[in-house]
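Following: one structure in structure tokens, then a few remarks.
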Amino acid sequence: MTTLTTTRSRKTTQQPTSDRTSQWLSYPEAAELSTLSVRSLKRLTAAGKLPCYVVGGKVLRLKASDVEALFVPADECRGR
């Protein structure tokens, strides 16, 4: 007799972009969103340019809206 195994596929739920503004992110998640490294994000936090929040007394989280606020149009960077 053969054993039939079934595998469950993971359900990936994408949250709408509008809901993402209230979402809490870990450093690796924020790095994926911003295409910056975790180390760069921690440097921005240490410099006071990116707010970081302590959740539960120990866990560090970033607001998605704060990470997205790092993005500026190229014209603004060039002073045009």
Side-chain angles (χ1 to χ4, degrees):
M1 189 184 308
T2 61
T3 305
L4 180 64
T5 58
T6 59
T7 57
R8 292 186 196 178
S9 61
R10 282 189 177 184
K11 292 182 180 179
T12 56
T13 56
Q14 294 266 339
Q15 294 181 348
T17 307
S18 61
D19 188 36
R20 190 178 282 174
T21 57
S22 63
Q23 184 179 8
W24 294 99
L25 302 173
S26 65
Y27 274 99
E29 292 169 337
E32 185 177 328
L33 174 66
S34 66
T35 67
L36 293 172
S37 67
V38 171
R39 187 174 179 183
S40 293
L41 290 171
K42 288 187 178 185
R43 283 184 190 152
L44 289 170
T45 300
K49 296 180 181 179
L50 180 64
C52 179
Y53 303 90
V54 178
V55 180
K58 200 172 187 180
V59 180
L60 300 176
R61 291 289 183 247
L62 303 168
K63 280 187 181 179
S65 59
D66 292 338
V67 175
E68 290 173 351
L70 294 172
F71 307 142
V72 293
D75 291 341
E76 290 181 22
C77 291
R78 295 183 186 130
R80 293 183 185 176

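Index from 1, following the sequence.
- Connection of Val54 to Leu44 is established within a shared hydrophobic cluster, with ILVMFWY side chains joined at heavy-atom distances below 4.5 Å, either directly or through further cluster members.
- Atom CG of residue Leu25 and atom CZ of residue Arg61 lie 8.5 Å apart, to the nearest 0.5 angstrom.
- The minimum heavy-atom distance linking Lys49 with Leu70 is given by the pair O-CD2, 4.4 Å.
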Ignoring hydrogens and angles, write down the donor-acceptor pairs under 3.5 Å from the side chains of residues 35-43, residues two or more places apart or on other chains.
from, atom 1, to, atom 2, distance (Å)
Ser37, OG, Ser40, N, 3.0
Ser37, OG, Ser40, OG, 3.0

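- Every residue meeting the side chain to side chain donor-acceptor pair (under 3.5 Å) condition with Glu29, not counting sequence neighbours, appears here in chain and number order: Ser26.
- Taking every heavy atom of both residues into account, Pro51 and Asp66 meet most closely at CG-OD2, 3.5 Å.
- Within the structure, the ring-ring contact (aromatic ring centres under 6.0 Å, His included) test picks out no pair touching residues 25-51 (sequence neighbours left out).
- The shortest non-hydrogen separation linking Ser34 to Val67 is CB-CG1, 3.8 Å.
- Between Val59 and Trp24 there is no side-chain heavy-atom pair separated by less than 4.5 Å.
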One pair to check against side chain to side chain contact (heavy atoms under 4.5 Å, CB included): Leu60 and Thr45. What are the steps and the verdict? CA-CA 11 Å; Leu60 300 176; Thr45 300; over 6 Å; no

